[in-house]
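Below is one structure; the comments refer to it alone.
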Amino acid sequence: EEVGYFEDLALSDDVLDALWDMRFEKCTPVQGRCIPHILEGRDLIGIAQTGTGKTAAYLLPMLSLLQNEPHAEDAVNCLIMAPTRELAQQIDQALQGFAYYTHTNGVAVYGGNDGIRFEQERKAFAKGADIIVATPGRLISHLQLGNLDLSRTTHLILDEADRMLDMGFFDDIKTIIKELPQERQTILFSATMPAPILALARATLNRPVNIRAEGADAQATVPDITQFVYQAHDLDKPEVVARIAQARDASKVMVFCRTKRAAQRLADELQERGFPATAIHGDLNQIARERSLKKFRAGTVRILVATDVAARGIDVTGISHVINYECPDTDSTYVHRIGRTGELRGEQQRRQHRQRSIAGDSR
Ligand code: AMP
């Protein structure tokens, strides 16, 4: 498929200037196919996972639309929903970059247990926000307190809809959608399309265009990932992880567990065996998680043990190995996990990335 250039799309000049600064020239296939439809105001279903460039595929046309079309100055014009605070933060960061020259005012709204942040979010709404990036639970809290009005929000984006479903946010999403006007543009991105997502799309989208990223499908995985299965008893599994992590090409190893306890236990066990490992999961506070991520990103610690929930949306490039320490519950979780490696890194840097699975737990 022909890959186009951003310059050839009807994006606003201010958005193109930001892309120029960021050295984004060529569209990814998903971007090339989604952007023209979104600019036309169509509803859209994008079947694409992290690494396909899906975030820019909706942010760039959305920013251009908000600049070019008449819209209320004092309304929240666009709402972007993400399943986790890490993804919300990542979208917000991308937004800040793309919106640099547009004077668009974006506010990120995500969990965190402190009242200070909640109050900051409330004040930001009061001052006016063009775009809100939010996790479902947090947005509902604000809605219930009357901090925010979505009755004039004409653009809605649901990112990683399948993860929202997996994480039990579906009722929240439906509640939120009811706050928006019927007349709006709705865009839904999901790595997989299980039946409840299709049903939601049918109920909430209006004659959507369907765009499928190459290879995006419940069974499909990223093409340049080599997958291995190791059989091991539960007690031997930490040893297998340690051996994989010893390989010379194992520069950044991400290990997935299903529970917070299992993740912490494995990280501790690897540490005891002399393999520096760090963990991210829901029992750690935001500061501890960011500290773990920083070490892993910098390469001072080569092994990161994570739960699916905590790992969702975090942006770490150059992951050499993904280990499925415990089997995921759903196809989509598997696709998301292994999608952490083999991500888009510019063609020159494209290397062979490996992914390994350890089978043999009792499932
Ligand atoms: P995403 O799939 O949206 O999570 O994007 C994956 C990564 O690719 C992010 O780090 C983006 O900054 C980067 N990216 C997205 N689109 C492009 C592009 N057209 N050119 C270069 N990098 C891109």
Side-chain angles (χ1 to χ4, degrees), residues 1-9 11 15-36 38-39 44-64 80-100 106 108 131 133 157-164 187-192 211-216 220-225 252 254 293 296-297 311-319 322 332 335-351 353:
E1 189 172 344
E2 187 141 321
V3 178
Y5 290 84
F6 288 113
E7 283 210 317
D8 300 331
L9 298 170
L11 294 166
V15 168
L16 288 174
D17 284 347
L19 289 172
W20 172 263
D21 288 353
M22 295 165 85
R23 307 281 184 274
F24 279 32
E25 286 176 66
K26 283 186 193 161
C27 306
T28 66
V30 169
Q31 290 162 355
R33 294 167 67 197
C34 290
I35 290 172
I38 299 177
L39 283 172
L44 182 142
I45 298 175
I47 308 182
Q49 65 208 55
T50 303
T52 54
K54 66 181 169 65
T55 316
Y58 62 77
L59 285 180
L60 300 175
M62 203 44 69
L63 284 166
S64 296
I80 302 173
M81 299 299 305
T84 62
R85 72 176 87 165
E86 282 81 10
L87 183 64
Q89 274 175 312
Q90 197 185 312
I91 295 167
D92 183 46
Q93 273 165 20
L95 177 64
Q96 303 304 333
F98 298 140
Y100 189 80
I131 301 184
V133 185
I157 294 151
L158 303 171
D159 199 353
E160 301 198 349
D162 51 354
R163 292 298 302 169
M164 296 208 247
I187 293 161
L188 182 149
F189 272 92
S190 193
T192 57
I211 304 287
R212 185 181 285 266
E214 236 167 283
T221 53
V222 183
D224 67 349
I225 297 174
K252 274 201 172 69
M254 202 155 167
L293 268 179
F296 185 59
R297 278 207 183 97
R312 213 50 223 118
I314 62 163
D315 187 21
V316 183
T317 50
I319 291 178
V322 170
S332 71
V335 173
H336 276 289
R337 281 183 180 183
I338 75 164
R340 311 293 327 184
T341 186
E343 281 185 37
L344 185 79
R345 286 178 190 84
E347 275 137 57
Q348 316 90 314
Q349 283 164 271
R350 253 184 196 288
R351 271 176 261 120
H353 290 280

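Atoms within a ligand are numbered from 1 in the order they appear, just like the ligands themselves.
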Atoms of ligand 1 under 4.0 Å from any heavy atom of Thr50, numbered from 1 in the order shown, are 2 (O), 4 (O)
Parallel, tilted or perpendicular: rings of Phe24 and Phe98 (30°, 60°): perpendicular
Mind checking whether Gly53 has an N or O less than 3.5 Å away from an N or O of ligand 1? yes
For ligand 1, which atoms, with element, lie under 4.0 Å from some heavy atom of Thr55? 1 (P), 3 (O), 4 (O)
Would you mind finding which of Phe98, Phe24, Phe6 brings a heavy atom closest to atom 11 (C) of ligand 1? Phe24
Taking the side chain as every heavy atom from C-beta outward, state whether Thr28 and Thr52 have any atom pair closer than 4.5 Å. no
Go through ligand 1 atom by atom and flag the ones less than 4.0 Å from a non-hydrogen atom of Lys54. 1 (P), 2 (O), 3 (O)
Would you say the side chains of Glu160 and Thr50 form a donor-acceptor pair under 3.5 Å? yes
Using a 4.0 Å heavy-atom threshold (strictly under), name the region of Lys26 that reaches ligand 1: side chain, backbone, both or neither. backbone
Which of the atoms of ligand 1 are close to Gly51, meaning less than 4.0 Å from one of its heavy atoms? 1 (P), 2 (O), 4 (O), 6 (C)
Tell me, please, which residues at least two apart from Phe296 pass ring-ring contact (aromatic ring centres under 6.0 Å, His included). none
Report, as yes or no, whether the 6.0 Å neighbourhood of atom CD on Glu7 holds more than 12 heavy atoms from other residues, nucleotides or ligands. no
For Ala161, what residues pass the side-chain contact (heavy atoms from CB on, under 4.5 Å) criterion, not counting sequence neighbours? Leu188, Ser190, Ile197
